[in-house]
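Remarks on the structure that follows.
A, B, ... follow the sequence lines: proteins, then strands. Residue 1 opens every chain. This is a predicted model, so every value here is computed, not measured.
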There are 4 protein chains.
Amino acid sequence: MQREYRPLGRPRHDKQAKPTKAMILDVATQLFLEQGYQVVSMDDVAKKCGVTKATVYYYYATKADLFTDAMIQMMIRIRKRIDEILSAGKPLKERLLEIAKAHLEATINIDLNAFMKEPQNFLSDEQLQQIKETEEKMYEVLEQALKDAMEKGEISQGSSRLGAHAFVAMLTIGNYKDAGGQPIFPSLDEMAEQIVNFYWNGLGN
Amino acid sequence: MQREYRPLGRPRHDKQAKPTKAMILDVATQLFLEQGYQVVSMDDVAKKCGVTKATVYYYYATKADLFTDAMIQMMIRIRKRIDEILSAGKPLKERLLEIAKAHLEATINIDLNAFMKEPQNFLSDEQLQQIKETEEKMYEVLEQALKDAMEKGEISQGSSRLGAHAFVAMLTIGNYKDAGGQPIFPSLDEMAEQIVNFYWNGLGN
Amino acid sequence: MQREYRPLGRPRHDKQAKPTKAMILDVATQLFLEQGYQVVSMDDVAKKCGVTKATVYYYYATKADLFTDAMIQMMIRIRKRIDEILSAGKPLKERLLEIAKAHLEATINIDLNAFMKEPQNFLSDEQLQQIKETEEKMYEVLEQALKDAMEKGEISQGSSRLGAHAFVAMLTIGNYKDAGGQPIFPSLDEMAEQIVNFYWNGLGN
Amino acid sequence: MQREYRPLGRPRHDKQAKPTKAMILDVATQLFLEQGYQVVSMDDVAKKCGVTKATVYYYYATKADLFTDAMIQMMIRIRKRIDEILSAGKPLKERLLEIAKAHLEATINIDLNAFMKEPQNFLSDEQLQQIKETEEKMYEVLEQALKDAMEKGEISQGSSRLGAHAFVAMLTIGNYKDAGGQPIFPSLDEMAEQIVNFYWNGLGN
DNA sequence: CATGAATGAGAATTCATTCAT
DNA sequence: GATGAATGAATTCTCATTCAT
């Protein structure tokens, strides 16, 4: 769409923007998250990068490879972000609130379970495994923070694993839009606060 | 391909067991839930029904129509089930536990948000709207139950809407499998109990 | 190229020419023999048939399937032709001459060994097997004729199997063109006669 | 990927063992003969040589050029081999037997006619011509030997040209494998002997 | 001498959909 | 009510070739 004139052969080195491979990965991540594995075609990715399909294949041998790499990089980024926030010395609840805000802003669909349902048939076992492992690590940083808080008596004992998953699951509420297109709370900040509050207090007070 | 095992005596006219249209809808629902919109082809549905693609088109003008109908029927069924359980006279927590058990058993991917991400581009606004409305109603029965419990003082005041969504969101934890393929709790019953407990008590007890 | 206007859907039944599937098979056989497996694309076949690629795929699920069927039908036809000629009551040499003439006219590349080298990687073992079996049968009719002639004392004892293969191998000489584009003998009839003579008498007379 | 086993001491400068161009040609010849023109990609050649595609293009401007060169070198090698064997002072039949053995061992598909069918469309007229001329010369050495033998009365008069082609054609029988994967004669030596015998005596003794 | 990065033109295959029967 | 035959538009992936370094 943008750069119209794309000559054959190696392009003159332009110290310019990101190297092609990184650009492809970024664009792909975004598209996959927005639309899902099947819907996004390699051509879509290529066009949005201003390169040809063949260039995408130059870097990623298959669509499944591209997807796998995209998911892994994304989850690593998320984990780092969470880790950063969690390592601050504040009370747990405050740190959770920050994570919630950060994620709701990122509009990232963390509903990974459902998200991975369809690609499942197209990824190799090894690819699936790699993704799963990275996902696991993402949960682990949260889990560890909960464990630490339990030890310090900041929260009561319980399954830190369940706690981590519950937190992530509840964040998906932020994606919900009703029939009128309205989210449950009008502002992201309020959404984050309400979710974390509910998560903290539970239904039964 | 042929029916293998024919019982003795005159078959009860068979009446085709289920009229073709209903069979198509059932099969489609199952396939869509299992594999996602894109992955399931009209031919897949047809073959699993033992009819031809053209027959499917005889009943459903487009794939989007079939999907829409399938989703709506499914959500109506779910709503009825929830409604049934909720109308019993037991304490709320017990009723929620029953719903949780029922849903975890049904293996239904209720991660509707993520699930609907890819079809979004293929459904008409009207279709999307219809689905959304049915979904909304599904949440409403839960919401109503929470409101009633608040009024009775069974639980403290709060956003019943958030409560309904949080409950459904937390049920998706049941779908999670770790890198080793293991769910968070080994049995569905334990899973349901732990989820409902967490939902009820919150992290901070 | 020919029929320009090709409406969607099932075409109005025209008791016309050959049914589509047969046409596809015929055209494919011709193209494969002329140009080889790789070179011929499904689109080439489709275009030459005046249908779309999708139509070809309607009848043959893969290119390998089409090729397999084409080869088998061709070899069956050849076998029948040979069989017919061989069952006449004439002296063996005369019958061989007739076969030679018929084949040189058909311009068929009977160099099956070389011809099958490249498809080999693309055909399934089963397909390869099927083709091989049909080929085998083609040789067998020749072999049987040689055996009969040996019994009658028309020719001396020897390996009928080798004799059959030698005959077919020698027919490929007819395909040869020198650097100037000239075949070894100017007319097909002379070619056939010379080949059969050589086959019959050997080099050492 | 790395060289695994490095012997002690200074390597004998290695001189790259074979200059790159020769290596490319060798590898290409082998691959083309094994798999055919279309099937072998420039990348296959490059990879098997441990260089990049661009390097192959550094030496050969097009795939057709590489193929042409490969075929020509191969036919020159074959001609030399045949020539060597033929120039010995033994009886013709013995020399032919040696050629047969040598070729059956080389597993070379000399079915050149069929083999050249597909590249035909991709080679320039000039390239085709070059190949044809080299092929012609290959046949000529055989032809000359037959002519000499006719003059000496070792064999009877006849078309030496046909004789040469018949001999080469019959050697292809050695490539045949039946449906069970078995060649016509179990050992190469027996194969060579039987073929030469048949070639010498003909069918009708 | 050799390579890394990129392209353009196909190739096989899939699939929702259409239409005459 | 159901089907068989056909299409058109995409989709994944391949490959010979080009060109700056």
Side-chain angles (χ1 to χ4, degrees), chain A residues 5-14 19-21 38-44 46 50-64 66 122, chain B residues 16 19-21 38-46 49-66 122, chain C residues 5-14 19-21 38-46 50-64 66 122, chain D residues 16 19-21 38-46 50-66 122:
Chain A
Y5 176 58
R6 286 233 136 213
L8 261 180
R10 187 182 210 184
R12 216 163 276 155
H13 186 49
D14 187 358
T20 311
K21 186 171 182 176
Q38 287 296 313
V39 179
V40 176
S41 76
M42 291 299 260
D43 213 26
D44 290 343
V51 299
T52 61
K53 240 185 315 187
T55 301
V56 178
Y57 276 98
Y58 179 74
Y59 291 104
Y60 291 96
T62 67
K63 188 182 175 183
L66 176 56
F122 303 97
Chain B
Q16 282 181 259
T20 312
K21 185 170 183 176
Q38 287 295 316
V39 179
V40 175
S41 75
M42 292 299 260
D43 215 28
D44 289 342
V45 175
C49 290
V51 299
T52 61
K53 241 194 307 194
T55 303
V56 177
Y57 274 95
Y58 182 79
Y59 291 105
Y60 291 95
T62 67
K63 186 182 176 185
D65 283 348
L66 176 56
F122 303 96
Chain C
Y5 176 58
R6 285 233 136 212
L8 262 180
R10 185 184 211 182
R12 218 161 276 157
H13 186 49
D14 187 358
T20 310
K21 185 170 182 176
Q38 286 297 313
V39 179
V40 176
S41 76
M42 291 299 260
D43 212 25
D44 290 342
V45 174
V51 299
T52 61
K53 243 187 311 189
T55 301
V56 177
Y57 276 97
Y58 180 75
Y59 291 104
Y60 291 96
T62 66
K63 188 182 175 183
L66 176 55
F122 303 96
Chain D
Q16 281 180 259
T20 311
K21 184 168 184 178
Q38 287 295 315
V39 179
V40 175
S41 76
M42 291 299 262
D43 216 28
D44 289 343
V45 175
V51 299
T52 61
K53 241 195 304 194
T55 303
V56 177
Y57 274 96
Y58 181 79
Y59 291 105
Y60 292 95
T62 67
K63 188 182 176 185
D65 282 349
L66 176 55
F122 303 96

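In this structure, C:Val40 reaches the sugar-phosphate backbone alone: every heavy-atom distance under 4.0 Å involves primed, P, OP1 or OP2 atoms, never a base. Within 4.0 Å of D:Tyr59, counting heavy atoms only, lie sugar-phosphate atoms of the nucleic acid but no base atom. Note on D:Val45: nothing from the nucleic acid sits closer than 4.0 angstrom, heavy atoms only. Across all strands, B:Thr55 comes closer than 4.0 Å to base atoms (heavy-atom distances). Across all strands, C:Val56 comes closer than 4.0 Å to no nucleic acid atom at all (heavy-atom distances).
In this view, C:Asp43 and C:Lys47 satisfy the salt bridge (charged side-chain N to carboxylate O under 4.0 Å, His left out) rule, not counting sequence neighbours.
Mapped onto DNA chain F by nearest heavy atom, A:Asp44 and B:Ala54 fall at different nucleotides, with B:Ala54 at the one closer to the 5' end. For B:Gln38 and D:Gly50, each mapped to the nucleotide of DNA chain E holding its nearest heavy atom, the one lying further toward the 5' end belongs to D:Gly50. Of the residues near DNA chain F, B:Lys21 and D:Val39, the one whose nearest nucleotide (by heavy atom distance) lies more toward the 5' end is B:Lys21.
Residue-to-nucleotide contacts include a donor-acceptor pair under 3.5 Å from the side chain of C:Lys53 to the base of E:dT13.
The minimum heavy-atom distance linking A:Lys63 with A:Val40 is given by the pair NZ-O, 2.8 Å.
Distances shorter than 4.0 Å separate some side-chain N or O of D:Thr20 from OP1 or OP2 on E:dA2. Side-chain nitrogen and oxygen atoms of A:Tyr57 include none within less than 4.0 Å of the OP1 or OP2 phosphate oxygen of F:dC15.
Taking atom CE of D:Met42 as the reference point, atom C1' of E:dG4 lies 17 Å away to the nearest angstrom. Distance, C:Phe122 CZ to E:dT13 P: 11 Å, rounded to whole Å. Rounded to an integer number of Å, the gap from OH of C:Tyr60 to C1' of F:dA6 is 16 Å. Per the geometry, NZ belonging to A:Lys63 stands 15 Å off P belonging to E:dT14, to the nearest Å. Note: CG (A:Asp43) to C1' (E:dT14) measures 16 Å, nearest angstrom.
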Please set out all donor-acceptor pairs under 3.5 angstrom arising from side-chain atoms of residues 53-60 of chain B, sequence neighbours excluded.
unit_1	atom_1	unit_2	atom_2	d
B:Thr55	OG1	B:Thr52	OG1	3.2
B:Tyr60	OH	B:Asp69	OD2	3.0

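Picking from F:dA16, E:dG4, E:dA2 the nucleotide with the shortest atom distance to the side chain of D:Tyr58 gives E:dA2. For B:Ser41, whose side chain is taken as the heavy atoms from C-beta onward, the closest listed nucleotide among E:dC15, E:dT13, E:dT17 is E:dC15.
D:Phe122 has its side chain out of reach of D:Thr62: every pair of non-hydrogen atoms, C-beta onward, lies at least 4.5 Å apart.
Paired runs in DNA chain F that reach 3 or more consecutive Watson-Crick or G-U pairs, where each pair keeps both distances under 3.5 Å, cover E:2-21 with F:2-21.
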